[in-house]
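Reminder, nothing fancy here: chain letters follow the sequence lines and each chain counts from 1.
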Amino acid sequence: MNTLLLAGLFIPLASFFVLMFFGSTLGRVLTGALATLAVLASFICFSSLLFQDIHPQLCNTLFNWFHVGSVQANFTICLDSLSLLMALIITGVGFLIHLYSNGYMDHDEHYSRYFACLNLFIFSMLLLVLAGDLAVLFVGWEGVGVVSYLLIGFWYEKPEAAKAAVKAFVVNRIGDLGFLIALIMTYQLFGTSNISDILAKAPLLGVGTTMVTILTLLYFVGAMGKSAQLPLQSWLPDAMAGPTPVSALIHAATMVTAGVYLIVRMHPLFLQAPTTLQVVGTIGALTALYAAIVAVKQTDLKKVLAYSTVSQLGLMFMACGAGAFYAAMFHLTTHAFIKALLFLSAGNVVHMLHGETEMSKMGGLSKVLPKTNWLFLLGVLALSGIPPFAAFFSKDLILEQEFHSGHKILFGLGLLASILTAFYLMRAYLLTFMGNLRSENEEVKEAPWIMIGPISILALGSILGGLLGYPYEGTPLLESFLQQIKLSPAEEMLDSGYVMTAETWVAVGGGLLGLFSAIYLYFQTNWLQRSSQWLKNAMYVDWFYSTVLVTPLKQFSSFIQSKVEPLFFEGSLDYSADKVLGLSGLVQKTQNSQVRSYAAWIVLGMGFIVVYLLIQGIK
Amino acid sequence: MTNLLLLLLLPFVFSLVLALLPKGSGRFVKIIAFIFSLVPLALLASFHDTWHSALINEPWIHALSVNFHLSVDTLSLIFLYIVAILTPFTILITRSEDYENSSYFYALIMLTQGLLIAFFTSRDLVLFTFFYEAMLFPLYFIIATWGGENRKDAAVKFLLYMFAGSILLIAGVLAVYFLYGTFDIDLIATEAGSKGIVPYLGWIAAPFILAFAVKTPLFPFHGWLRESYTQAPWGGTILLSAILSKAGIYGFLRVGKDIFPHYFEQGNFILLSLAVIGVLYGAFAAWSEKDFKALLAYSSFSHVNFILAGVFAASSVAHYGAVLQSLNHALTITSLFLVAAFLAYQLKSTLLAKGGGIAKLMPKLCWFTFFFVLSSVALPGLNNFIGEVLILFGVFSLSPILGVMLGLSIIFSVVYMLRYMKDLYFGPLKTTVQDIRDLSLHEILILIPLIVLIITLGLYPMPILTEIQKIFTQGSV
């Protein structure tokens, strides 16, 4: 038993329980402090584990969860460098966002409910990444879905928030069905859901067999739901109905990356299924491009960032598809910092404008929010892949790996998506911070230190994060760290002669092209402000689902309710009841309780029989 | 022997005592009834280790070789616990002040409890059938006397449907008697195991299947369900959904395991398909339902068909899952009806349209309801997950297509249960009812044991899983 590991996992849960039961009596300051410190404590636990030898992994089996034939799972918590990296991101970024929330939520009356849910989220997400068994992983997997539901619907009085929460849960469940069936197939094929055992036995399935292809595809369906990939992407933009720090933590930095984590965690299995990897790569690339195009004409600041998240997740899946798992994890890490930075900066704007998220109501905010202005701009540059900021290294690595592994088309799609990324982010920045002050609210002022502070730290991460993957001394730091679990056997084959290759310059050029074309269009034309209903409505994908899928199912359900049930099932019952009673000449008598007395006689008789039976029995 | 006799007799005695109590002592009667209803649980728990040797076997009607034969095995024990744990809740949810003659109401509940205990321990087909049929009468009176506006109609239909379902049961029992020369289930089990499949066995099994299919109910024998569940008083609804449905499931398992073991092992594809259809049908019916009591009724219907899918699948893993789910379903549906009743008492309606934004007025009730909804949608870590995985595993191994269809229920259950949450608790506040109050401490205390059980069974089901795995390894199978 490793105490640090278990403490890191369970402290946020303990804090959740305290807030849940005593939150109303604690008072605001104490509530926020407790929740924030719990995550900090957890972060410290995991940081200290950096200095322990955990190679190859540190496993604690807490108890035997269930065991029926080949369906069996132990409640196992495992730490290796991959899960440690994830745990550090979750608790690190999580701590900063908790801290920020102390400022952001200061006027909300449901303060303790908010922090309780946030703590529960940290616990569920940690359980997801620390699980040594797929069934335990599934507990965390669905757990984060539940908390996401609770937080999207945090302001439940608003009908759109309540609706978005349901949608997120349902779409996630579609993915979860894939996961569940994959889990059942796993029990059939391997007789266990222990991750190490499965990965050890994975080669026995053979490369490219139907079974392994179906199995991995089903796990990928689960990943698509959680990570909002086509065609299960539509819940994420709606999820922006929740508080902005929640969007930063759950719907950008951590939960939505769970799908990427799952594939990286199970990569030896996925490497057995080349077809699946192709599907993963293609869906990732298409999603990256689709979301980037749609983001160009969003008018809601948070939705731009939401589509941007979908797009960046697409890039990570594209990397997984090419076998570049390390690159995917690297981008996941830098993206966590940058996207949290962008969301929290946007949060300052939204907070100071009292909940306004429409960019048409913004503009000129650089004058009143000078610090936020610079922080947001930094985030824009960082995610656009401008050197020397973090995403330059990670995104470039993905594109390079695509190119060198022969996925030329995917490379092209990825490049296009990243040009668009720079474009729509710059557009969002310009519309929000440049130009004339459009807000009528005169009291807009810069956010307090408790909000600016955490963002600044994230900004630092966005500037320096790339160094984790910079090969200044042989193998980059992050790569050698993840090498402990042999993350990149395929990648070792690929030359990463970095920074110098032609593709790198193409990628940087693409980023600059995106930025400057946005600036040009902003100052020379009004194209950026012009609306496009087709793109604003995300190419009417939602409309399509609702018309083709939801409405017919709902109509079928109403048909059962209004026709099948009353006319067929209950109707036939009424009919035969009438007939039976009619034959006995009892039709009228049902109305005046004669049947009751008839039944009473039966009961009376029965009572005698019971007594008789019992007497006989005792005798 | 003594313990079993006490377990069997006390509920009948209590029933009689309650019926004889003076009228008009509402609260006092409720307390007495509640204490009485806990006695079987106390007995079961305090002699937990000795039940396997409990036996009553006295000759009764010599000419027909009918014996007064009762005993307890693991299968019986699990269903006895279901009755013993959940009956007290049917009393707790009843508000004596609403009822005239509430002592009769409690007397009927105790009578049902006694009959169920007798049914779950009977080892003679005549007793088995007798107690199975006898359960209908107390329920008939509960619905007809204390039900909603259409209570009389609903009660008559309930009775007729149940009778129609089991009218041939006696013929089936007689056929088994002529085949094996005895009514004793244990003797038949030994015979049936060695004899194998004999001609017309399918025809003999049919009346049993029909009788249990109506009571559980299996799709499409649910015509009585909506009206009975909605018209019954809340205590009666819990009795019907949590406990009476288990009599049908127990019937399938007992008769399947002991009298028709070959069919049971082979499973039945048609019945399995009906159960899978029932799971989805119930979910679709619940989705558009306007009355939340009926919505939960259809949800219960969907879940019991999930259990039946486990019963009809030719897979021991699925059978284990079915037994585990019987307990889990009883816990979850009771919890859901309890919180729905608390809401209905405040809203004075069971229409979804009367809700909206209630979370603002009743935040505690909202949290409790949400927790039970999570249990109902089989969130991993809570009770229903493992049972459903076991059943899915069994069904999927037989037929991946049926397995996936059954799996679809995890999506649809979320669709209708979250609609239930959203329409009642979220959105702008709509209700015009004054003085809505949140859960009282007393009401919370009622819910706590259920929460503890739901979490315990979700995280640490091994003790009960170990027990369940003994059911189908001991005896004839």
Q: Does any backbone or side-chain atom of B/F219 lie under 4.5 Å from a heavy atom of chain A? Answer side chain, backbone, both or neither.
A: side chain
Q: Give, as side chain, backbone, both or neither, the part of A/L180 having an atom under 4.5 angstrom from any heavy atom of chain B.
A: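 When you check distances to chain B, only side chain atoms of A/L180 fall under 4.5 Å.
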Q: Please look at A/F568 and chain B and tell me whether the side chain, the backbone, both or neither of the residue comes under 4.5 angstrom of a heavy atom of that chain.
A: neither
Q: Is a side-chain donor or acceptor of B/S228 paired with a backbone partner of B/L225 at a separation under 3.5 angstrom?
A: no
Q: Find the one option among B/L379, B/L429, B/V317 whose heavy-atom pairs under 4.5 Å with chain A are most numerous.
A: B/L379
Q: Any idea how A/F75 and A/W65 line up, ring-wise: parallel (<30°), tilted (30 to 60°), or perpendicular (>60°)?
A: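 Aromatic pair A/F75/A/W65 classed perpendicular.
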Q: For A/F63 and B/Y460, take the angle between the two ring planes, folded into 0 to 90°, and tell me which bin it lands in: parallel under 30, tilted 30 to 60, perpendicular over 60.
A: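 Taking B/Y460 first and then A/F63, their aromatic rings stand perpendicular (interplane angle over 60°).
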Q: Does any backbone or side-chain atom of B/W367 lie under 4.5 Å from a heavy atom of chain A? Answer side chain, backbone, both or neither.
A: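 For B/W367, side-chain heavy atoms alone lie under 4.5 Å from chain A.
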Q: Of the backbone (N, CA, C, O) and the side chain (C-beta and beyond), which part of A/L150 lies under 4.5 Å from a heavy atom of chain B, both, or neither?
A: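 The answer is the side chain of A/L150.
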Q: Among B/V404, B/I411, B/L392, single out the residue with the greatest number of heavy-atom pairs under 4.5 Å to chain A.
A: B/I411
Q: Counting distance only, does the side-chain N/O of A/K226 pair as donor-acceptor with the main-chain N or O of A/G175 below 3.5 Å?
A: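 No.
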Q: As an exercise: rank B/R226, B/E388, B/E227 by heavy-atom pairs under 4.5 Å with chain A and give me the winner.
A: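 Answer, by heavy-atom pair count under 4.5 Å with chain A: B/R226.
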Q: What pairs with A/Y156 under ring-ring contact (aromatic ring centres under 6.0 Å, His included), at least two apart in sequence or on another chain?
A: B/F426
Q: Under the 3.5 angstrom rule, does the side chain of B/N150 hit a backbone N or O of B/D153 as a donor-acceptor pair?
A: no
Q: Could you tell me which portion of B/L459 (side chain, backbone, both or neither) has an atom closer than 4.5 angstrom to a non-hydrogen atom of chain A?
A: both
Q: Heavy-atom distance under 4.5 Å to chain A: side chain of B/K360, backbone, both or neither?
A: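 For B/K360, heavy atoms of backbone and side chain both lie under 4.5 Å from chain A.
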Q: Looking at A/K163, I'd like to know if its NZ atom is crowded, meaning that more than 12 non-hydrogen atoms belonging to other residues, nucleotides or ligands lie closer than 6.0 Å.
A: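 Result for NZ/A/K163: open.
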Q: Quick one: which of B/L382, B/I386, B/L408 has the most heavy-atom pairs under 4.5 Å with chain A, could you say?
A: B/I386
Q: Relative to chain B, which segment of A/E109 carries a heavy atom at a distance below 4.5 Å: side chain, backbone, both, or neither?
A: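 Only the side chain of A/E109 comes within 4.5 Å of chain B.
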Q: Check whether A/F66 gets within reach of chain B through its side chain, its backbone, both or neither, counting any heavy atom under 4.5 Å.
A: both
Q: Between the main-chain N or O of B/V214 and the side-chain N or O of B/W224, is there a donor-acceptor pair closer than 3.5 Å?
A: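 Judged by distance alone, yes, a pair lies under 3.5 Å.
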Q: Please answer whether the main-chain N or O of B/P11 pairs with a side-chain N or O of B/S15 as donor and acceptor at a distance below 3.5 Å.
A: no
Q: Please answer whether the main-chain N or O of A/T76 pairs with a side-chain N or O of A/N74 as donor and acceptor at a distance below 3.5 Å.
A: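 Answer holds: no.
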Q: Looking only at heavy atoms and a cut-off of under 4.5 Å, which of B/P461, B/G357, B/A164 has the most pairs with chain A?
A: B/P461
Q: For A/I181, which atoms come within 4.5 Å of any heavy atom of chain B: side chain, backbone, both, or neither?
A: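 Side chain only.
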Q: Using non-hydrogen atoms only, which part of B/F221 is less than 4.5 Å away from chain A: side chain, backbone, both, or neither?
A: neither
Q: What pairs of donor and acceptor atoms, side-chain ones from residues 555-567 of chain A against any protein atom, are under 3.5 angstrom apart with sequence neighbours left out?
A:
| unit_1 | atom_1 | unit_2 | atom_2 | d |
| --- | --- | --- | --- | --- |
| A/S557 | OG | B/F284 | O | 2.7 |
| A/S557 | OG | B/S288 | N | 3.3 |
| A/S557 | OG | B/S288 | OG | 2.2 |
| A/S558 | OG | A/K554 | O | 3.0 |
| A/Q561 | NE2 | B/A285 | O | 2.7 |
| A/Q561 | NE2 | B/E289 | OE1 | 2.8 |
| A/S562 | OG | A/S558 | O | 2.8 |
| A/E565 | OE1 | B/Y298 | OH | 2.4 |
| A/E565 | OE2 | B/H222 | NE2 | 2.7 |
| A/E565 | OE2 | B/Y281 | OH | 2.6 |

Q: Could you tell me which portion of B/L465 (side chain, backbone, both or neither) has an atom closer than 4.5 angstrom to a non-hydrogen atom of chain A?
A: side chain
Q: What residue in B/V377, B/N67, B/I468 has the most heavy-atom pairs under 4.5 Å with chain A?
A: B/V377
